[in-house]
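What follows is a single structure, written as structure tokens, with notes after it.
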There are 2 protein chains.
Amino acid sequence: MATPLEKARKDPNSMKAKILKVARRMFGEYGYHGTTTRMIAKEVGIDISTLYYHWGEKTDLYESVILDINNDLRQKLDEVEKVIHGQPLARRLGIAIDMVTDYLFECPEISNLVLFQYFGKTRKESNLDFHVPDFISDIARSMDLCKTKESIPTSASMRVLAMMNSIHNFISGENFFREMLKLKREEYIEHVKETLEFILIPAFNGGSQGQTDINQTDIRR
Amino acid sequence: MATPLEKARKDPNSMKAKILKVARRMFGEYGYHGTTTRMIAKEVGIDISTLYYHWGEKTDLYESVILDINNDLRQKLDEVEKVIHGQPLARRLGIAIDMVTDYLFECPEISNLVLFQYFGKTRKESNLDFHVPDFISDIARSMDLCKTKESIPTSASMRVLAMMNSIHNFISGENFFREMLKLKREEYIEHVKETLEFILIPAFNGGSQGQTDINQTDIRR
DNA sequence: ATATAATTCCATCAAATGATGGAAACACAT
DNA sequence: ATGTGTTTCCATCATTTGATGGAATTATAT
């Protein structure tokens, strides 16, 4: 109950929670430098100083936003893991894509912020942790990419990153891609799921079957 | 020979070209709002007003940067297409991944800016075109996803986007991912190629072979 | 009802930022 | 050398932006 973030999470009707919610969306849309404290305050309908009263500096608010969405995503992935546990791999993947995609389309700011974290720089470097997120190892294990949660091969981490990013890309890029392809929201979502299944399932579900006669070096040279 | 961009491309030693080069990198790293005209000018080693003299408003410079990287990327993809033409599909993919990845690791600002275009918003909306880039249809045809360049199925466009974005992700995310996985640059690049092959080749190279007994609805339900 | 603490807003600051006018410096043809 | 057009920099503006002090308001406990 110490930090503002914990207070916000405890009472979703509190002003802290309202601000956090708006801040998530705004930072997600415009990035750190693209979002001003005034934009957030205006959107919430409060004075800018009220925002500072609750969250302190802009960097602190941003940091809380990052912690918050990481927490939400983690929770969702745990939930998914419980549902797919014990199923055969292809089915696990299919369900996971379905659930995660639906969830992220409801909270697109999560994908936005995750990608900003990965690809963007801030003028003043932040001191947020750079360590391999827990959920990456969890997913890796869930995808049969490794046995124990402790020793994850690098290639397994890379594959999980590729998978997660593919999903985030389509969520974050909805505005751009959907306009480009002239699709309605529902159509787009359906196409996203179809595409993700097309790309991901063969790879993780024994994709080598289709090309056993071609070795790696041969492919590139 | 009319626009500043054309002048800059004509003479790579001109001040316009120098500024453009730095602007590409900076906008790529920090995004539109994260980059100030002063940052660019300082990095070039000129006064800020010299920058304005050559490129006008910040938005104009940014627009030129976007046009420039799209042009470069397009050119590279044409080059790749010529090399892989006529090869069997798996090999085409392998070579394309290899070449494109190498190129983008040399010009990571291209990936950065492409992703910013897709995922980020600017406070004032830009008037840059939203149409399906030509190269998407070219790639689609090259991957046997459609017959003619004119009628591209939506799913084909989606698959091409998924493929391109997967590559961009690893380029743009190098700082974050490489630090996270404690890899040297060369190791990282090699892992990226391996991962991209792992993910992409099975899907486009008849990935259905491994799961012909599982129909779509079955996978998700 | 009154005292105390928590919350909100108004006014304001200092620094950062986009942008420009005009003087100096430079290039170069005649 | 002189004149012309180009390029560069210095000084300066108006806005925007992050941030804060302090008064006013509201909630809460006694």
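Order of the sequence lines sets the chain letters (A, B, ...), proteins ahead of strands, with each chain counted from 1. The model shown is predicted, which means the values in this text are computed figures rather than measured ones.
The cationic group of A:Arg159 lies under 6.0 Å from the six-membered ring centre of B:Phe198 and within 45° of the ring axis, placing it in a cation-pi geometry. With a 6.0 Å cutoff to the six-membered ring centre and a 45° limit on the axis angle, B:Lys193 does not count as a cation-pi contact of B:Tyr188.
Across the protein-nucleic acid pair, B:Lys124 atom NZ and C:dA19 atom C1' stand 11 Å apart, rounded to whole Å. Computed from coordinates, the B:Ile46 CD1 to C:dA19 P distance equals 15 Å when rounded to whole Å. Here D:dT16 presents its P atom at 11 Å from NZ of A:Lys42, a figure rounded to the nearest Å. As rounded to whole Å, 12 Å separates atom P of C:dT20 from atom CG of B:Leu51. At whole-Å resolution of the value, CE in A:Met15 and P in D:dT26 are 14 Å apart.
A close approach under 4.0 Å does occur between a side-chain nitrogen or oxygen of A:Thr50 and OP1 or OP2 of C:dC9. A:Tyr53 has no side-chain polar atom (N or O) that falls below the 4.0 Å cut-off from OP1 or OP2 of C:dT8. A close approach under 4.0 Å does not occur between any side-chain nitrogen or oxygen of A:Tyr52 and OP1 or OP2 of D:dT20. Look at A:Arg123 and you won't find any side-chain N or O under 4.0 angstrom from OP1 or OP2 of D:dG18. Put simply, B:His54 has a side-chain N or O that comes within less than 4.0 Å of OP1 or OP2 on D:dT8.
Of the two residues near DNA chain D, A:Asp47 and A:Met39, the one whose nearest nucleotide lies more 5' is A:Met39.
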When you look at A:Asp11 and A:Lys16, which way does the salt bridge (Lys or Arg N to Asp or Glu O under 4.0 Å) test go after all the steps?
CA-CA 9 Å; A:Asp11 179 5; A:Lys16 280 186 176 55; over 6 Å; no
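Nearest to the side chain of A:Thr37, among D:dG18, C:dT17, D:dC9, sits D:dG18.
Side-chain to base pairing of A:Ser49 with C:dC9: one donor and one acceptor N or O lie within less than 3.5 Å of each other.
Atoms CZ and CG, from A:Phe177 and A:Asn169 in turn, are 6.5 Å apart once rounded to the nearest 0.5 Å.
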